[in-house]
S.K.: 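Next up is a structure, given as structure tokens.
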Amino acid sequence: MNEATLILIKPDGLKKSLTGNILTRLSETKLEIVAAKIVRVSRELAETHYAHLRDKAFFPDLIKYIQGELHNRRKVMALVYWGEDAISKCRQLAGATNPEEAESTSIRGAYGRITTSGLYENVVHVSANQGDAKREIKLWFKPSEIIVDLYPTKEVLKDNVKVKVWA
Ligand code: UDP
Ligand code: MG
């Protein structure tokens, strides 16, 4: 079944000049890129994205990490991949969350590390399931930034101009 997944190239991936390598690996999936941009991650976006991990001891470090404070790269690359079994194909290529447990040929296995404080710097984010993908894509992208219709939208007036927002 066709589905979408959010991919983030995290600040360590950008700092290590891995953008090209990661996109090349992802192209093995033959999925279609339907949205892409560079994002400066606000604290609010970071905390909303990782809301399910709020109670974890590593949460403050995780927020600093995704905001680029640990790598002096205050940006991430956000993409939406779309196609047959997009989530499982991209999660498979990304590898396990813990880079030491990830297959060595996976993106995280090849390029990830565990910091001395115990945080997994694992280079990429991939939505874990369709529910997460929907929540995350709607959080990171506006309807007009995605070239296919993924989720229901509605039109609202903003400064007297009609704009599409998520319904
Ligand atoms: N993370 C960590 N330690 C853990 C679990 C997660 O540092 O024990 C970090 C890691 O960067 C991971 C992110 O928190 O990618 C989000 O965790 P999640 O469990 O959602 O894993 P993912 O979906 O990214 O594989
Ligand atoms: Mg996750």
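We number each residue from 1, following the sequence as shown. In listed order, ligands and their atoms are each counted from 1.
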S.K.: Quick check: do K154 and V165 have side-chain heavy atoms less than 4.5 Å from each other?
M.R.: yes
S.K.: Indicate, as side chain, backbone, both or neither, the part of F58 found under 4.0 angstrom from ligand 1 when only non-hydrogen atoms are considered.
M.R.: side chain
S.K.: Tell me whether E155 contacts the main-chain N or O of V163 through its side chain, where contact means a donor paired with an acceptor under 3.5 Å.
M.R.: no
S.K.: Which residue pairs satisfy the ring pair (Phe, Tyr, Trp, His ring centres under 6.0 Å) criterion with at least one member in residues 112-156, sequence neighbours excluded?
M.R.: H49-H125, H49-W140, Y151-W166
S.K.: What atoms in ligand 1 come closer than 4.0 Å to a heavy atom of L62?
M.R.: 9 (C), 11 (O), 13 (C), 14 (O)
S.K.: Atom CD1 in I66, atom OH in Y50: separation rounded to 0.5 Å?
M.R.: 4.0 Å
S.K.: With sequence neighbours excluded, tell me which residues meet side-chain hydrogen bond (donor to acceptor under 3.5 Å, both in side chains) with R73.
M.R.: none
S.K.: Who's the nearest protein heavy-atom neighbour of atom 24 (O) of ligand 1, and how far?
M.R.: R108 NH2, 3.1 Å
S.K.: Looking only at protein heavy atoms, identify the closest one to atom 22 (P) of ligand 1 and say how far it is in Å.
M.R.: T97 OG1, 3.6 Å
S.K.: Quick one: does H49 get a heavy atom under 4.0 Å from ligand 1?
M.R.: no
S.K.: Is S127 reaching over with its side chain to a backbone N or O of L6, donor-acceptor style, under 3.5 angstrom?
M.R.: yes
S.K.: If I apply the N/O under 3.5 Å rule, does K10 come out as touching ligand 1?
M.R.: yes
S.K.: Return the residue, atom name and 0.1 Å-rounded distance of the protein heavy atom closest to atom 23 (O) of ligand 1.
M.R.: R91 NH1, 2.9 Å
S.K.: Just to confirm my output: which protein heavy-atom neighbour is closest to atom 11 (O) of ligand 1, and how far is it?
M.R.: Y120 O, 2.8 Å
S.K.: Considering only the protein, which heavy-atom contact is closest to atom 20 (O) of ligand 1, and what is its distance?
M.R.: H52 NE2, 3.3 Å
S.K.: Mind checking whether V76 and L70 sit in one hydrophobic cluster, side chains of I, L, V, M, F, W, Y counted as touching below 4.5 Å?
M.R.: yes
S.K.: Any idea which atoms of ligand 1 are less than 4.0 Å away from a heavy-atom of L119?
M.R.: 7 (O)
S.K.: Considering non-hydrogen atoms of the protein only, which is the closest contact for atom 17 (O) of ligand 1, and what is the distance?
M.R.: L53 CD1, 3.4 Å
S.K.: Counting heavy atoms only, which part of K56 comes closer than 4.0 Å to ligand 1: side chain, backbone, both or neither?
M.R.: neither
S.K.: With no hydrogens and no angle check, do the side chains of N72 and K15 hold a donor and an acceptor under 3.5 Å apart?
M.R.: no
S.K.: Distance-only, no hydrogens or angles: does the E3 side chain make a donor-acceptor pair with backbone N or O of A86 under 3.5 Å?
M.R.: yes
S.K.: Applying a strict 4.0 Å limit to heavy atoms, is E121 in contact with ligand 1?
M.R.: no
S.K.: At a 4.0 Å threshold, what atoms of ligand 1 neighbour a non-hydrogen atom of N122?
M.R.: 10 (C), 11 (O), 12 (C), 15 (O)
